[in-house]
Amino acid sequence: MPWSRAGQWLLGLLSVYAIMALALWLARADLRLVAGTAPAWLIPAFMAMASVGFALRVVRWMLLARTADLNAPHMGLAAVYLGGFLMNITPARIGELWRSWILWRRWGVRYRRSLPLLICDRFLDLFALLLFGALGLALGFGFHWPAAFCLLAATTLAALMAMPGWARRAIKLAWAAVGRRRPRLFALMLSVCRNVARMLRPVVFLKLLSLSLIAWSMEAVALHALMPTLGGELPLRAATAALGVANVAGAMTPLPGGIVGQELTMAVLVSGLPGNSTASSMAMVGIMRFCTLWYAALLGLPFFLYLSRRCMRPRPAPPRV
């Protein structure tokens with residue numbers, strides 16, 4: 001009996017975790033030595049700085065929702081966004097579609113109006129990370145060609161998002177290619193494209209991008225302050241490069257939470273700098289991932305459970321007139 005696709009994914013995921021566990025076990029002595037030099041306030045301080053970045057992302061989400069004229073309360077929107085943090089550990093973060101489902105079930109927001117929020121939220125993070133990668137690679141590592149590639153990718157992505165005509169034409173061509181079937185699905189895609197372009201007007205885009213840059217800067221500053229406590233050194237411009245490039249690499253990894261891709265990229269970049277050992281780089285990456293990915297998942301868990309439970313209840317029948 002052939003393996004199902006889910007079984008193959010599970011086997012691959014377990015293999016990846018086994019390899020990571022083996023690498024940590026082999027470096028256990030060096031990691032124990034590095035961890036012993038870290039002060040007790042290190043992880044709470046990192047989590048506090050990450051919390052500021054999370055709060056700024058919540059504000060950005062609420063501004064996006066106001067731009068889209070969503071009929072939902074502010075506290076509800078904040079709870080939906082925080083609950084979606086738990087979905088960061090799903091493959092390619094596909095679980096973030098939970099936010100659109102909650103908005104539809106709880107407040108009747110149609111998908112054609114909620115999906116653009118998810119797209120714009122992901123786009124703003126990706127654009128900010130590409131800018132971080134370009135700046136850090138050029139100034140922190142002297143990698144000018146990779147920096148130019150990151151800048152070109154960010155510029156191209158912004159141009160494509162600002163001019164949705166290409167996407168509408170591609171959707172219409174795809175509809176014609178499938179024999180003009182499923183008109184409601186393709187109409188939804190066209191509506192999403194129009195709403196994304198409306199939400200990313202230049203003035204709104206610059207305001208939201210500034211929030212994104214500040215939010216990610218909190219993590220870069222935390223990495224810059226974290227490395228000396230582990231016996232290494234990480235200049236701020238190198239921290240921005242490692243953060244931007246590693247997160248983009250993690251986003252390209254279909255594994256849950258971008259594991260392996262993000263950790264490996266950041267560890268390689270940081271350990272390549274003078275004065276940094278492999279053990280200190282691995283310890284820094286481990287602390288960073290615990291204080292961002294897993295801390296965010298734990299933070300979003302109660303909101304996820306509460307909203308999911310409320311929305312799983314059957315809706316009351318409309319009153320008879």
Side-chain angles (χ1 to χ4, degrees), residues 50 53-68 70 77-78 80-104 109 111-134 150 153-164 166-167 171 188-189 191-201 204-219 243-259 261-262 292-293 296-297 300 304:
F54 296 158
L56 290 173
R57 293 186 183 94
V58 172
V59 173
R60 183 187 65 189
W61 171 263
M62 296 173 68
L63 290 175
L64 278 170
R66 188 176 66 179
T67 304
L70 293 192
L77 288 170
V80 170
Y81 192 75
L82 290 172
F85 282 168
L86 183 62
M87 297 292 100
N88 289 344
I89 60 177
T90 56
R93 293 171 63 176
I94 191 66
E96 288 187 351
L97 292 173
W98 172 87
R99 289 176 176 147
S100 288
W101 181 77
I102 290 293
L103 289 172
W104 171 67
V109 178
Y111 290 122
R112 62 181 175 85
R113 301 186 62 192
S114 61
L115 287 175
L117 263 73
L118 272 66
I119 294 173
C120 293
D121 185 73
R122 294 290 298 273
F123 165 74
L124 287 165
D125 277 337
L126 181 59
F127 191 85
L129 289 169
L130 285 172
L131 290 181
F132 268 32
C150 289
T155 305
T156 303
L157 187 60
L160 293 177
M161 296 291 286
M163 297 182 294
W166 66 272
I171 292 171
L188 171 65
M189 296 168 67
S191 179
V192 167
C193 287
R194 287 192 296 268
N195 289 332
V196 166
R198 183 170 64 87
M199 294 170 62
L200 290 181
R201 298 188 302 271
V204 179
F205 171 72
L206 292 176
K207 182 191 302 184
L208 298 175
L209 179 61
S210 63
L211 285 174
S212 303
L213 292 173
I214 297 173
W216 285 108
S217 297
M218 300 304 298
E219 292 189 21
L243 183 68
V245 175
N247 275 277
V248 173
M252 297 173 63
T253 304
L255 294 173
I259 61 170
Q262 184 168 342
T292 53
L293 177 66
F304 176 85

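All residue numbers refer to positions in the sequence shown, counting from 1.
One distance of note links CG of Leu70 with CZ of Arg66; it measures 12.0 Å at 0.5 Å rounding. Atoms NZ and CG, on Lys207 and Leu63 in that order, are 6.5 Å from each other to the nearest 0.5 Å. With rounding to the nearest 0.5 Å, the separation of OG in Ser217 from CZ in Phe132 is 3.5 Å. Taking CZ from Phe127 and CG from Leu208, the interatomic distance works out to 12.5 Å, rounded to the nearest 0.5 Å. One distance of note links CD of Gln262 with OG1 of Thr292; it measures 6.5 Å at 0.5 Å rounding. The SG atom of Cys120 lies 11.5 Å from the CG atom of Asp125; values are rounded to the nearest 0.5 Å.
Looking only at atom types and distance, the side chain of Arg99 has no donor-acceptor partner in the side chain of Ser114 under 3.5 Å away. A donor and an acceptor atom, one from each side chain of Asn247 and Trp216, are nowhere located under 3.5 Å apart.
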(message) One pair to check against side-chain contact (heavy atoms from CB on, under 4.5 Å): Leu103 and Leu77. What are the steps and the verdict?
(response) CA-CA 8 Å; Leu103 289 172; Leu77 288 170; 3.9 Å; yes

Handout entry: Chi angles and distances behind the side-chain contact (heavy atoms from CB on, under 4.5 Å) call for Leu64, Leu124
Key = CA-CA 11 Å; Leu64 278 170; Leu124 287 165; 4.3 Å; yes

Evaluate Leu209 against Arg60 for side-chain contact (heavy atoms from CB on, under 4.5 Å), listing each step before the verdict. CA-CA 9 Å; Leu209 179 61; Arg60 183 187 65 189; over 6 Å; no

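Ser100 and Leu118 get closest at one heavy-atom pair: OG-CD1, 3.5 Å. Counting all heavy atoms, side chain and backbone alike, Val58 lies closest to Ala78 at CG1-CB, 3.8 Å.
Taking the six-membered ring where the residue is Trp, the centroids of Phe304 and Trp98 are separated by under 6.0 Å.
The side-chain heavy atoms of Asn88 and Glu96, taken from C-beta on, include a pair separated by under 4.5 Å. Put simply, the side chain of Leu117 reaches to within 4.5 Å of the side chain of Met199, judged on heavy atoms. Within the 4.5 Å cutoff, the side chain of Leu129 has no heavy atoms near those of the Val245 side chain.
Contacts of Ala297 classified as side-chain contact (heavy atoms from CB on, under 4.5 Å), with partners at least two apart in sequence or in another chain: Leu86, Ile89. Residues that satisfy the ring-ring contact (aromatic ring centres under 6.0 Å, His included) test with Tyr81, not counting sequence neighbours, are Trp61, Phe85.
Remark: side-chain polar atoms of Thr90 are paired, donor with acceptor, to backbone N or O of Met87 under 3.5 angstrom.
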